[in-house]
There are 2 protein chains.
Amino acid sequence: MNIGQAARASGVSAKMIRYYESVGLIAAPGRTQANYRVYDAADVHALRFVRRARSLGFSLAETQTLLGLWRDRARASADVKAVATQHVRDLEAKIAELQAMARTLKHLAEHCHGDGRPDCPILDDLSGDGCCATAKG
Amino acid sequence: MNIGQAARASGVSAKMIRYYESVGLIAAPGRTQANYRVYDAADVHALRFVRRARSLGFSLAETQTLLGLWRDRARASADVKAVATQHVRDLEAKIAELQAMARTLKHLAEHCHGDGRPDCPILDDLSGDGCCATAKG
DNA sequence: ATGGGCCTTCCCGCCATGGCAAGGTCAAGG
DNA sequence: CCTTGACCTTGCCATGGCGGGAAGGCCCAT
C-alpha cells in the first residue's frame, strides 16, 4: 500500500503522514526498491487513531502518549484517563477564556448603536477611555 | 520615550512593538540620531488599544481594521459593530467546537474505570473499534 | 516513447510571539 | 578617560500543524 492509498484509507493526508513520521509520531514504514513508503492495515489503523485523537483536540505530544498507551497492552486505564481528563481541563480553560471574550464583546456590541454615527462603546472600551458604557469584567 | 518605556507604559513587549511596526499595524515612529525609536503618549495609547483588542481575541488584521476605525472620526459605528459581531460569531463557533470535544471526552472518561486494568473506552473510541466489546489489540 | 499520475525530498508560508546573538549607544561611577 | 551595565538595533531560529509548490524519480498504459 502506497502513501496515497494509506492517506485515502485513513483520512490523513500524505503530507501529514510524512510529517508525523518525521516528528516520530508514527514509525518509519518499509520502503520499496524505488524508495516508496509501504503501509499495511495496522499502519492505517494507527493513522485513523491519530486522526481521531487530533479531532478531539489532543496535541501531537498527547497523541503520541495515547498511541503509546494504545499499543501497550499492560497499560493502566488510569493513565489514559489522566491524559483525557487533563485535556478536558485544558479545553474547559480555553472555552472559559473564549467565553469571557465573547461575553465582553457581546455586551459592548449590544450598547453600540450600529448606525451611521461615530460614537461607539466598543472603540471606547478598546481605547481605554472609560467614557460611558465600558463593561470590563 | 524609548521603546522600553513605551513597552512598560503600554504592556506590549518591545519585541512586539517592533513586530507590529514591521507588519504595518502601527506607524514607524521617529528616530533619535542614534537610530533609537521615539514614542509619545499617543503611540502608547494606540499600543494599549492594540493590546486590549488582542486580549479580546481579535486577529492582527481585525485589530488593524479597528485601529483604522478608531482613528477615523467620521466612522460609522455600524462598521465597528460589524467587526465585533463577526468576531463574536467566530468565537462562538470555536467555543462550540471545543465544547463538542470536551463533551465527547468527558463522556468517554466517565466510562473509564481509571484503575490498573487496561480496558479503556477512551482508547476503544480512538481506535475506532466501537464501544465496549473489543479489548483486543 | 510519451503522457500522466504517483512518489520522493526540500523549502516557504501561515500566526503571534519568545529567545538569542552580535553589535551600537548612553549614563554613571571609578 | 575607561569600564560597566542597561538599553537599543537588526537579524535569525523556534514554536504547532498544516498547505502549497518545485524539481526530480518511478510506474503503467497507450
Side-chain angles (χ1 to χ4, degrees), chain A residues 1-26 28-40 43-44 46-67 87 90-91 94 97-98 101, chain B residues 1-26 28-40 43-44 46-67 87 90-91 94 97-98 101:
Chain A
M1 195 181 217
N2 283 341
I3 198 171
Q5 279 140 3
R8 280 186 291 275
S10 65
V12 179
S13 74
K15 191 95 182 182
M16 276 306 99
I17 295 176
R18 292 192 198 97
Y19 173 68
Y20 291 160
E21 178 188 332
S22 80
V23 298
L25 183 63
I26 58 174
R31 301 273 186 147
T32 67
Q33 284 191 329
N35 204 31
Y36 284 20
R37 289 172 178 82
V38 180
Y39 299 91
D40 62 18
D43 295 323
V44 170
L47 285 169
R48 273 203 286 253
F49 182 101
V50 170
R51 192 169 84 102
R52 176 80 178 133
R54 297 285 303 124
S55 80
L56 287 175
F58 287 105
S59 69
L60 289 195
E62 289 164 333
T63 300
Q64 193 157 19
T65 302
L66 291 170
L67 261 177
H87 183 48
D90 294 347
L91 285 170
K94 188 72 186 170
E97 188 187 334
L98 297 182
M101 294 176 184
Chain B
M1 196 182 220
N2 283 342
I3 197 170
Q5 279 139 4
R8 281 186 290 275
S10 66
V12 178
S13 73
K15 188 92 182 186
M16 277 303 100
I17 295 176
R18 292 193 197 96
Y19 174 69
Y20 291 160
E21 177 188 332
S22 80
V23 299
L25 183 65
I26 59 173
R31 301 271 186 147
T32 66
Q33 284 191 328
N35 205 30
Y36 284 19
R37 289 172 179 82
V38 180
Y39 299 91
D40 61 18
D43 295 323
V44 170
L47 285 168
R48 275 204 286 252
F49 182 101
V50 170
R51 191 168 86 101
R52 175 80 178 136
R54 298 283 306 121
S55 80
L56 288 175
F58 287 106
S59 69
L60 288 194
E62 289 165 332
T63 301
Q64 193 158 21
T65 301
L66 291 170
L67 261 176
H87 183 49
D90 294 346
L91 285 170
K94 189 70 188 170
E97 191 186 333
L98 297 182
M101 294 175 183

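If you're wondering where the values come from, they're calculated on a predicted model, not measured in any experiment. The sequence lines fix the lettering, A, B, ..., with proteins before strands; numbering per chain opens at 1.
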Contact under 4.0 Å: A:S13 side-chain N or O vs D:dG19 OP1/OP2: yes
Side chains of A:R54 and A:L60, heavy atoms from C-beta outward: is any pair under 4.5 Å? yes
Could you pull out all residues at least two apart from A:R51 that satisfy salt bridge (Lys or Arg N to Asp or Glu O under 4.0 Å)? none
Using modelled atom types only, decide if a donor and an acceptor are shared between the side chain of A:E62 and the backbone of A:A53 within a distance under 3.5 Å. no
Without decimals, in angstroms, what is the distance between A:L60 CG and D:dG16 P? 8 Å
Expressed as a whole number of angstroms, how long is the span from B:Q64:CD to C:dC15:C1'? 14 Å
Whether B:Y19 contacts C:dG18 is assessed here as follows: a side-chain N or O lying under 4.0 Å from the phosphate OP1 or OP2. Is that the case? no
By nearest-nucleotide position on DNA chain C, the 5'-leaning member of B:F58 and B:T32 is B:F58
Mind calculating the distance between CD (A:Q33) and P (D:dG25) to the nearest angstrom? 18 Å
Only counting residues at least two apart or in another chain, list the ones meeting salt bridge (Lys or Arg N to Asp or Glu O under 4.0 Å) with A:R48. none
Can you give one letter per nucleotide of nucleotides 6-13 of chain C, 5' to 3': B if a protein heavy atom sits under 4.0 Å from the base, S if only from the sugar-phosphate, - if neither? BSBBB---
Can you find a heavy atom in the side chain of B:V50 that is under 4.5 Å from one in the side chain of B:V12? no
Qualifying residue, where the test is side-chain contact (heavy atoms from CB on, under 4.5 Å) with A:Y20 and the options are A:T63, A:L67, A:I26: A:I26
Please determine if a side-chain N or O atom of A:R54 lies less than 4.0 Å away from the OP1 or OP2 oxygen of D:dC18. yes
